[in-house]
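Report on the following structure.
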Amino acid sequence: MNTIKKVAVLAGDGIGPEVIAEGLKVLHVLADALSITLETHDALIGGVAYEATGTPLPEETVTIAKDCEVVLLGAVGDFKYDTLPPHLRPEQGLLGIRKALNLYANTRPVKAYDALLDASTLKPDVITGVDLLVVRELTGGLYFGQPKVQNENDAVDTLTYTRAEIERIAKTAFELAQQRRKQLCSVDKANVLATSRLWRDVVDAMAPQYPDVAVSHMYVDNAAMQLILNPRQFDVMLTENTFGDILSDEASMLTGSLGMLSSASFGTGSYALYEPSHGSAPTIAGQNIANPIATILSVKELVAVSWEAPDLANLVDVAIENVLAQGLRTKDIAQAGDTVVGTREMGDAIASALKSLTSSYSSVV
Ligand code: IPM
Ligand code: MG
């Protein structure tokens with residue numbers, strides 16, 4: 001049966017368009033394997049949207065995203081917008097679309113690929129076998145709390161969380177832990193922050209509903225240290241918005257590069273947004289050197305969750321492993337002796353490895 005699936009494509013700024021192009025190659029291979037006709041709808045976000053329309057998140061973009069329900073996003077931001085008023089900065093486009101679609105649950109899987117163990121700054125024996133998931137609250141906390149003001153000599157950001165906001169993200173984390181190794185580490189700063197004490201109370205109150213999940217709590221400063229001391233201890237890490245932003249960048253280095261970390265965000269309905277965790281990297285934009293793997297892994301999540309084809313999606317991992325095993329590397333993950341390839345070549349290699357893998361998949365479904 002041939003079904004049509006829509007995906008809103010928000011390539012954004014910097015390396016965004018380059019990595020999205022490679023992600024789309026892979027998405028087309030997966031669509032073919034599922035006999036899906038892929039309909040992509042491009043829309044503007046970030047600096048490019050500001051240039052074209054005067055706002056980083058045009059109304060039309062929100063409309064297209066809501067109509068498609070599934071969004072694939074590149075990256076936003078450029079130093080040249082640093083002096084714009086806060087509400088016009090590219091980042092507001094990203095925060096705005098997350099809020100507009102009510103995407104409160106952000107998941108960032110961190111997996112150490114054997115072929116990349118030497119690419120990390122950490123010792124191979126520390127990162128071998130790392131397989132953890134950061135579950136980050138995405139629409140609350142310091143990012144959105146009011147008041148938020150900057151005056152000449154003082155400034156305020158507000159850290160606020162309601163019980164309901166904590167419950168819904170904790171529910172996501174508990175359920176994901178149930179599908180994994182059943183360990184949930186909730187990260188907070190309950191020795192100092194009131195929001196963290198509420199966070200801890202809520203998680204503890206919910207724990208009896210998930211008797212199969214082992215719950216622990218960890219202060220965020222300790223969590224930052226434990227991530228590089230002994231990352232294999234973690235399965236699911238549950239965090240509020242700001243802590244998750246920081247810890248997920250840190251955790252990405254366990255994979256060898258921020259260019260390997262995908263990100264998927266969900267709300268209550270079928271809205272979902274898939275994006276690499278990295279930024280727009282304007283200094284390397286347009287040079288065909290960015291690593292497209294984070295975006296390709298985000299496409300994998302799209303197919304696993306929004307298209308409900310997790311077995312097929314897992315072949316993306318196999319394809320990446322095969323390509324890495326051939327010694328192909330983008331610059332950020334290259335070691336002496338590797339073949340350094342560009343963004344496009346890496347995307348082509350993964351798409352073609354995936355095509356071979358999916359041809360046998362298609363014949364069995
Ligand atoms: C991320 C990014 C964003 C965030 C920025 C670009 C607003 O760092 O997705 O981690 O802080 O959430
Ligand atoms: Mg970040």
Side-chain angles (χ1 to χ4, degrees), residues 10-17 19-20 23 44-50 55-57 61 65 71-82 84-110 132-145 148 157 159 161 165 169 187 220 223-224 227 237-255 257-267 272-285 290-291 294-295 297-298 301-302 332:
L10 281 50
D13 304 318
I15 59 171
V19 292
I20 284 291
L44 295 170
I45 195 162
V48 286
Y50 169 74
T55 159
L57 184 63
T61 298
V71 180
L72 181 63
L73 189 144
V76 297
D78 195 312
F79 307 118
K80 68 182 178 207
Y81 303 116
D82 280 359
L84 280 179
H87 69 286
L88 294 178
R89 294 178 59 140
E91 290 77 8
Q92 284 309 312
L94 180 54
L95 300 182
I97 191 96
R98 288 173 179 170
K99 197 73 173 176
L101 302 184
N102 197 20
L103 303 169
Y104 62 84
N106 177 230
T107 56
R108 298 185 167 182
V110 180
L132 65 91
L133 179 70
V134 178
V135 177
R136 170 189 177 195
E137 200 291 326
L138 205 60
T139 50
L142 281 174
Y143 277 59
F144 295 96
K148 182 186 271 293
D157 288 293
L159 176 48
Y161 269 108
E165 281 176 310
I169 187 69
V187 175
V220 62
L227 264 179
M237 297 180 90
L238 167 64
T239 76
E240 61 89 78
N241 202 346
T242 309
F243 296 164
D245 179 46
I246 298 167
L247 291 183
S248 60
D249 263 32
E250 185 192 357
S252 75
M253 284 318 295
L254 304 168
T255 70
S257 167
L258 183 53
M260 301 293 295
L261 197 68
S262 65
S263 175
S265 308
F266 308 102
L273 185 150
Y274 302 88
E275 57 178 325
S277 294
H278 61 66
S280 55
T283 52
I284 61 161
N291 185 347
T295 306
L297 287 168
S298 304
E301 294 297 319
L302 186 162
D332 57 312

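If you read the sequence from its start, that first residue is 1, and numbering goes on from there. Values in this document were obtained by computation on a predicted structure and should not be read as measured data. Ligands are counted one by one from 1 in listed order, and the atoms in each one are counted from 1 as well.
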- Just let me know how Gln92 lines up against ligand 1, side chain, backbone, both or neither, with a heavy-atom cut-off below 4.0 Å.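 Neither; nothing of Gln92 gets under 4.0 Å from ligand 1.
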- Side chain, backbone, both or neither: Arg89 near ligand 1, heavy atoms under 4.0 Å: neither
Students should be able to answer this: which protein heavy-atom is nearest to [atom], and at what distance?
| atom | answer |
| --- | --- |
| atom 1 (C) of ligand 1 | Arg108 NH2, 3.4 Å |
| atom 5 (C) of ligand 1 | Leu94 CD2, 4.3 Å |
| atom 2 (C) of ligand 1 | Asp245 OD1, 4.0 Å |

Can you find a pair of side-chain heavy atoms, one from [X] and one from [Y], that are under 4.5 Å apart?
| X | Y | value |
| --- | --- | --- |
| Leu132 | Leu227 | yes |
| His278 | Ile15 | yes |
| Leu10 | Ile97 | yes |

- Message: Under a 3.5 Å cutoff, is there a donor and acceptor pairing between the side chains of Asp13 and Tyr81?
- Response: no
- Message: Less than 3.5 Å apart, any donor N or O on the side chain of Asp249 or Ser277 sitting next to an acceptor on the other?
- Response: no
Is there at least one pair of N or O atoms, one from [X] and one from ligand 1, spaced under 3.5 Å apart?
| X | value |
| --- | --- |
| Arg98 | yes |
| Arg136 | yes |
| Tyr143 | yes |

- Task: Looking only at N, O or S atoms, find the one in Asp245 nearest to the Mg ion (ligand 2) and name it.
- Result: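 It is OD1 of Asp245.
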- Take Arg136 and Thr239, measure what side-chain hydrogen bond (donor to acceptor under 3.5 Å, both in side chains) needs, and give me the verdict at the end. CA-CA 5 Å; Arg136 170 189 177 195; Thr239 76; 5.8 Å; no
- Task: Please round to the nearest 0.5 Å and tell me the distance separating atom CZ of Arg108 and atom CD of Glu275.
- Result: 6.0 Å
